[in-house]
Asks: 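What follows is a structure written as structure tokens; I'll ask about it next.
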Amino acid sequence: MLELIILSLHFFMCFLISVVIWCGSKDMDLHSSSKETVEMEPDAPVYVGKEDDIKKSQRITTKVNDREIVIFYHEGKFYAMDSHCYHAGGPLHLGEIEDINGQPCIICPWHKYKITLETGEGLYQAVNPMEQSPTPRWQSKGVKQRIHKVTVDNGNVYVSPPDLSVSFDSDYYADRCKNNGDFAMEK
């Protein structure tokens, strides 16, 4: 019987200690002055790098609110989008940039899908069989890839978190990567 009382007291003390630690750590997080923890508003732009560094490398991948994105610097402008292609999750940071119909587009290295850097619109070539000499023309599939707003302030580059109230095809792979880490897809 005495052993049961001692065991009960031991479990009760462990419970109290864990409650004190749990409450104390929450209090520390709220009042911490650590330089590594930056409390920001949920919709506030997130610092992603130095302007000169990104210009030099032409592209970087980073995470904004646990979402992997790629930032491109092309012909004097910054662009940001989900880093995995909407079609099959291909690594867009490895793609080539081409001008298609006057629009800079990233070409997915896996299946050659073309995505405009400005809008995230998917493009494809099609012919009108009703024409006497059908000529391929670029057509839109609609906006498929989530893009992100980029701002530059005093040499620092920021990306605004996405508005998740609107969904895009690329969200599937962005969520899959966020929840399961990188994934291997067959080409």
Asks: If Ile, Leu, Val, Met, Phe, Trp and Tyr residues are connected whenever their side-chain heavy atoms lie under 4.5 Å apart, and connections chain through other members, are Ile107 and Trp110 in the same group?
Replies: no

Asks: According to side-chain contact (heavy atoms from CB on, under 4.5 Å), who are the partners of Pro136, at least two apart in sequence or on a separate chain?
Replies: Gln125, Val127

Asks: Examine Val150 and Leu117 and state if one hydrophobic cluster contains both, with Ile, Leu, Val, Met, Phe, Trp and Tyr joined whenever side-chain heavy atoms are less than 4.5 Å apart.
Replies: no

Asks: To check you understand the geometry: which heavy-atom pair defines the closest contact between Leu92 and Arg59, and what is its length?
Replies: O-NH1, 4.1 Å

Asks: What's the spacing between Gln145 CD and Cys105 SG if we round to 0.5 Å?
Replies: 12.0 Å

Asks: Could you check if a side-chain atom of Val159 sits within less than 4.5 angstrom of a side-chain atom of Pro45, using non-hydrogen atoms only?
Replies: no

Asks: So, do Pro134 and Pro129 sit near enough that their side-chain heavy atoms are less than 4.5 Å apart?
Replies: no

Asks: When the ring planes of Tyr86 and Tyr113 are compared, do they come out parallel, tilted or perpendicular, using 30° and 60° as the limits?
Replies: perpendicular

Asks: Compare every heavy atom of Tyr79 with every heavy atom of Lys77, then report the nearest pair and how far apart it is.
Replies: CD-OH, 3.5 Å

Asks: Can you establish whether the number of heavy atoms outside Lys63 located under 6.0 Å from its atom NZ is more than 12?
Replies: yes

Asks: Take Phe72 and Gln58 through the test side-chain contact (heavy atoms from CB on, under 4.5 Å) and record every step on the way to the result.
Replies: CA-CA 6 Å; Phe72 298 101; Gln58 301 289 300; over 6 Å; no

Asks: Salt bridge or not for Lys56 and Glu51, using N-O below 4.0 Å?
Replies: no

Asks: Is it true that Val46 and Val70 fall in one hydrophobic cluster, defined by side-chain heavy atoms closer than 4.5 Å?
Replies: no

Asks: Hey, are the side chains of Ile115 and Met81 touching, using non-hydrogen atoms and a 4.5 Å cut-off?
Replies: yes

Asks: Search all heavy atoms of Val152 against all heavy atoms of Gly155 and return the closest pair with its distance.
Replies: CG1-N, 4.4 Å

Asks: In the structure I gave you, are the side-chain heavy atoms of Asn101 and Arg137 within less than 4.5 Å of one another anywhere?
Replies: no

Asks: What salt bridge (charged side-chain N to carboxylate O under 4.0 Å, His left out) pairs are there with at least one residue in residues 82-100, not counting sequence neighbours?
Replies: Arg67-Asp82

Asks: State, to 0.1 Å, how close Pro161 and Ala44 come at their nearest heavy-atom pair, and which atoms those are.
Replies: CD-O, 3.3 Å

Asks: Are side-chain heavy atoms of Pro91 and Ser83 found at a separation under 4.5 Å?
Replies: no

Asks: Kindly give the heavy-atom pair with the smallest separation between Tyr73 and Ile54, and that separation in Å.
Replies: CB-O, 4.1 Å

Asks: For a 4.5 angstrom cut-off between non-hydrogen side-chain atoms, does Ile100 reach Trp138?
Replies: yes

Asks: As an exercise, state the distance from OG1 of Thr61 to CD1 of Ile71, rounded to the nearest 0.5 Å.
Replies: 8.0 Å

Asks: Between atom CD of Gln103 and atom CD of Glu121, what is the distance when rounded to the nearest 0.5 Å?
Replies: 6.0 Å

Asks: State, yes or no, whether a side-chain contact exists between Arg146 and Asp171 at a heavy-atom distance under 4.5 Å.
Replies: yes

Asks: OG of Ser160 to CG of Asn65: how many Å apart, nearest 0.5 Å?
Replies: 10.0 Å

Asks: Please report the interatomic distance NZ(Lys141) to OH(Tyr124), rounded to the nearest 0.5 Å.
Replies: 8.5 Å

Asks: Considering only heavy atoms from C-beta outward, does the side chain of Ile69 approach that of Thr62 to under 4.5 Å?
Replies: yes

Asks: If you take all heavy atoms of Leu123 and Ser140, which pair is closest and at what distance?
Replies: CD2-CA, 4.2 Å

Asks: Apply the test side-chain contact (heavy atoms from CB on, under 4.5 Å) to residues Phe168 and Val143: give CA-CA distance (whole Å), side-chain angles for both, the deciding distance (0.1 Å), then the verdict.
Replies: CA-CA 7 Å; Phe168 295 92; Val143 176; 3.3 Å; yes

Asks: Apply the test side-chain contact (heavy atoms from CB on, under 4.5 Å) to residues Val48 and Tyr158: give CA-CA distance (whole Å), side-chain angles for both, the deciding distance (0.1 Å), then the verdict.
Replies: CA-CA 6 Å; Val48 295; Tyr158 299 88; 6.0 Å; no

Asks: Which value, rounded to the nearest 0.5 Å, describes the distance between Cys85 atom SG and Leu94 atom CG?
Replies: 12.0 Å

Asks: For Lys112, does its backbone N or O pair with a side-chain atom of Lys114 as donor and acceptor, under 3.5 Å?
Replies: yes

